[in-house]
Protein chains: 4
Amino acid sequence: MAHLTLADAQAVIAAALAHAREKSLAPMAVAVLDARGALKAFAAEEGTALRRADIAIGKAYGALAMGVGSRTLGKRAEERPHFIASVTQAIGGSMVPVAGGVLIRDDDKNILGAVGATGDTSDNDEAAALAGLSAAGLTADPS
Amino acid sequence: MAHLTLADAQAVIAAALAHAREKSLAPMAVAVLDARGALKAFAAEEGTALRRADIAIGKAYGALAMGVGSRTLGKRAEERPHFIASVTQAIGGSMVPVAGGVLIRDDDKNILGAVGATGDTSDNDEAAALAGLSAAGLTADPS
Amino acid sequence: MAHLTLADAQAVIAAALAHAREKSLAPMAVAVLDARGALKAFAAEEGTALRRADIAIGKAYGALAMGVGSRTLGKRAEERPHFIASVTQAIGGSMVPVAGGVLIRDDDKNILGAVGATGDTSDNDEAAALAGLSAAGLTADPS
Amino acid sequence: MAHLTLADAQAVIAAALAHAREKSLAPMAVAVLDARGALKAFAAEEGTALRRADIAIGKAYGALAMGVGSRTLGKRAEERPHFIASVTQAIGGSMVPVAGGVLIRDDDKNILGAVGATGDTSDNDEAAALAGLSAAGLTADPS
């Protein structure tokens, strides 16, 4: 099983922010967590709101906690709000179930980590995360 | 009143995981709590997502906390979400109100503990918990 | 990098408890966490006190959180109590800085997980954890 | 009043990690917070223990919380442990009172943010933070 390096994580962030600037998105924060759920790298652009780091981390952490992208967690939250609310409590709070949290997998489908992006609409946040992973040559799993 | 032994708990887990493999379910985590809500035994298969332990424990703990199976808690959460949300807060967070948390009773209906299973759909999780209890010769109360 | 399997974790627990019975130690609880800090397997003998699971997990989790055995964390807690107290707060509470939490490493010194044992004196707890790892053919790092 | 930019924060981290590699320090994690206490940038090298991010952030956040470097907080913790313990509780937990958390000031002594470094001894952690600030042309206040 491969590992996510700091260089990988920094490349994802650089490319996600480049995408955000090219598309003129709102100020963006991007977090990359490793497979342990530990923060590997993070950056917040000028003008991001006070708690954007927690949101970026919560999107990525929620994806890792449950093993699915935060877009899927958002669908489940709509279908069964009590389930997602209770899991959020059970894991101690860090889970943001809207698009923008994307799993990173290796060629054998093992989870290497997750990216969480936040600042614009959740669809645009996810597009930035995916652009970052693509540019860094990593396999994204937004499902 | 009988007591749940470690051998009982380990037998439940072994049989629940055997059921999961036989049915090709997704990687599963199973927790057994005693009547005090204390963790008695636990196992997580390879490939389980990061926070499955908290979900398995939360299903079993919620069942013990309220004296009904987590399937019933799920129904109550749909009917009165504020009630389940407030109980979750009141008990400090560990309560996951979806099927898969099953009470264990003795012949006099005393509660001996609870099993919580998670990994696949909640119906399949509950089936694995029930299979484990049945194989271990323990009386399940999923209601 | 190798991975800790459920079979590994269960072998560690079985051998640690066998050691505890052979030495007539007090009732023991043993937790095995993987490299992510996720609970992999757990068992508590009959007669363990109410919150032994949290202590076993806290010994193992503290070791993983800081990358040193819980015996070393105990020494640091004596030398600089405010440091260990603050780290415990910063990581959300699960850290028990006394002997009995032992890192598991692969041949390349990568951390595969940690064992936490509790029930008797902390020296005896650590001896049980080490006996479990030795019997399972895993490399212990109690330092 | 000047502001800390993302480019500033990333320059601090790059130089702090370059210092750590040049001095062969243990794997290091470095966090930069802005004046609001919001995470601006973060990086963790390969091999950092599971919860190093919380420690790095806690050093920097503690410095901002009290308006003095974490080295001074460490001295206060030795002199009046109950005071630092109570402040840690009061601010919700993120405060690590050992050297390695350094305030960043502008030419008028306004606080622009703080750096927190962790991985090696606390003296070496602080040296890495100071090297990072110096290389980035920012004014450090470790006191």
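Because the structure is a prediction, the values reported are computed rather than measured. No hydrogens, no waters, no symmetry mates; every other heavy atom, side chains included, goes into these values. Residue numbers begin at 1 in each chain, while the letters A, B, ... track the order of the sequences.
Closest heavy-atom contact between A:Leu64 and B:Ala49: O-CB, 3.8 Å. When every heavy atom of B:Arg52 is checked against every heavy atom of A:Met66, the shortest pair comes out as NH2-O, 3.6 Å.
Interface remark: B:Ser122 contributes side-chain atoms only to the contact with chain A (heavy atom separation under 4.5 Å). For chain A, the nearby parts of B:Val96 are the backbone and the side chain; heavy atoms of each come within less than 4.5 Å. For a residue to count as touching a neighbouring chain, one of its non-hydrogen atoms must lie under 4.5 Å from one of that chain's; by this rule A:Arg36 touches chain B with the backbone only. Heavy atoms of B:Ile84 lying under 4.5 Å from chain A are absent altogether.
No side-chain heavy atom of A:His82 sits under 4.5 Å from any side-chain heavy atom of B:Leu73.
Atom CG of A:Asn110 sits about 11.5 Å away from atom CD of B:Glu46, to the nearest 0.5 Å.
Ranked by heavy-atom pairs under 4.5 Å with chain A, the first of B:Ser94, B:Pro97, B:Gly58 is B:Pro97.
Enclosure of atom OH in A:Tyr61 by more than 12 non-hydrogen atoms of other residues, nucleotides or ligands within 6.0 angstrom is indicated. Around the CZ atom of B:Arg21, the shell of radius 6.0 Å holds more than 12 heavy atoms that belong to other residues, nucleotides or ligands.
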